[in-house]
Amino acid sequence: ITKLRFHRDNFDIDIEFTTPVPPIVGYKRTLMTRNMGFDQQKIYHANFSGKLTARDGTRELNGSVYMQHICLNTPAIPWLWGVFHRNDGTYFTYFTSYLSRHIFRRNSKCRPKWDNKMRLLNKNLNYTPVGEKTKRFKHVHYKVYRHENGFPGFEVSGELGDEKLRVKVITIAKTTYTFSRWKFWRNRFFYNEFPSEVVELEYTDKNGKVHKETGEDWNGNCEYTWGTLLN
């Protein structure tokens, strides 16, 4: 059993969960060159329980958790990433790294006119219904859009034979972590994290039946980064 505690001022969270076994726990090494690459270790999904204590009292918590640990020795370039869980244990993830003018951005302000002017380097969209193997979709397409609160939203679609998946998410808040170091010049990298909600999910199964959801049972998180960071 894994136990975690987050504490700051009058805000305290205690949770615990049983570490799952493969294939939910994943390890992967990716080499970009002979000596440069990154290692990833992930827990894609686990159920947790615990409690939250704040100024207004204590309440019980129940939900699902995604965790990852990444160690890299490569230059960091921008990416789009998201992970979402449904209440029954189903989850999906997407990820792509990209090249664009975003690597030259020097502050954390979002610029909508740059949103879709990217050269995508890899395109991942994975969907894991509860109790089934992960479906790794091909022919993946990404779109960044803006909604009323000014934050970015993301739409991702892909195909796997006769199966299709399209998801649309909105972001509801933003936290930015800024990394800076000297390497030929002052590198700056902006790691932007967004608590997010699914607003549309459409899955077409092998038999051609379309399953549509409006997202009430989903929770998740998105990342949209820019800048560059050299080792």
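Note that the coordinates shown come from a computational prediction; the quantities given were computed from them, not determined experimentally.
- Between Lys3 and Asp14 there is no salt bridge, since no side-chain N of the basic residue sits under 4.0 Å from a carboxylate O of the acidic one.
- Trp226 and Phe189 fall into different hydrophobic clusters, where Ile, Leu, Val, Met, Phe, Trp and Tyr residues are linked whenever their side-chain heavy atoms come under 4.5 Å apart, directly or through other members.
- Side chain of Thr225 to main chain of Trp79: a donor-acceptor pair is present (N/O by atom type, distance under 3.5 Å, no hydrogens or angles).
- Checked by atom type, the side-chain pair Thr214/Glu216 shows a donor-acceptor distance below 3.5 Å.
- Note on Arg86 versus Glu213: salt bridge recorded, some NZ/NE/NH1/NH2 to OD/OE distance being below 4.0 Å.
- Contact annotation: the side chain of Glu193 never approaches that of Tyr224 to less than 4.5 Å [non-hydrogen atoms, C-beta and beyond].
- Under the 4.5 Å side-chain heavy-atom criterion for grouping Ile, Leu, Val, Met, Phe, Trp and Tyr, Trp114 is not connected to Leu80 through any hydrophobic cluster.
- In this structure, the side chain of Asp217 does not engage the main chain of Asn87 through any donor-acceptor pair within 3.5 Å.
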Give the C-alpha distance, both sets of side-chain angles, the deciding distance and a yes or no for side chain to side chain donor-acceptor pair (under 3.5 Å) between Ser64 and Asn47.
CA-CA 4 Å; Ser64 57; Asn47 294 319; 5.6 Å; no
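- At a threshold of 4.5 Å between non-hydrogen side-chain atoms, the residues Phe84 and Val167 do not count as touching.
- Both tests pass for Lys168 against the ring of Tyr145: distance under 6.0 Å to the centre and angle within 45° of the axis.
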Is there a side chain to side chain donor-acceptor pair (under 3.5 Å) between Asn219 and His85? Walk through the geometry before answering.
CA-CA 6 Å; Asn219 291 284; His85 291 166; over 6 Å; no
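- Between Thr53 and Ile13 there is no side-chain heavy-atom pair separated by less than 4.5 Å.
- Cluster membership for Leu4 and Phe48, using ILVMFWY side-chain heavy atoms within less than 4.5 angstrom, is shared.
- Residues Leu120 and Val144 fall within the same hydrophobic cluster, defined by Ile, Leu, Val, Met, Phe, Trp and Tyr side chains chained together at heavy-atom separations under 4.5 Å.
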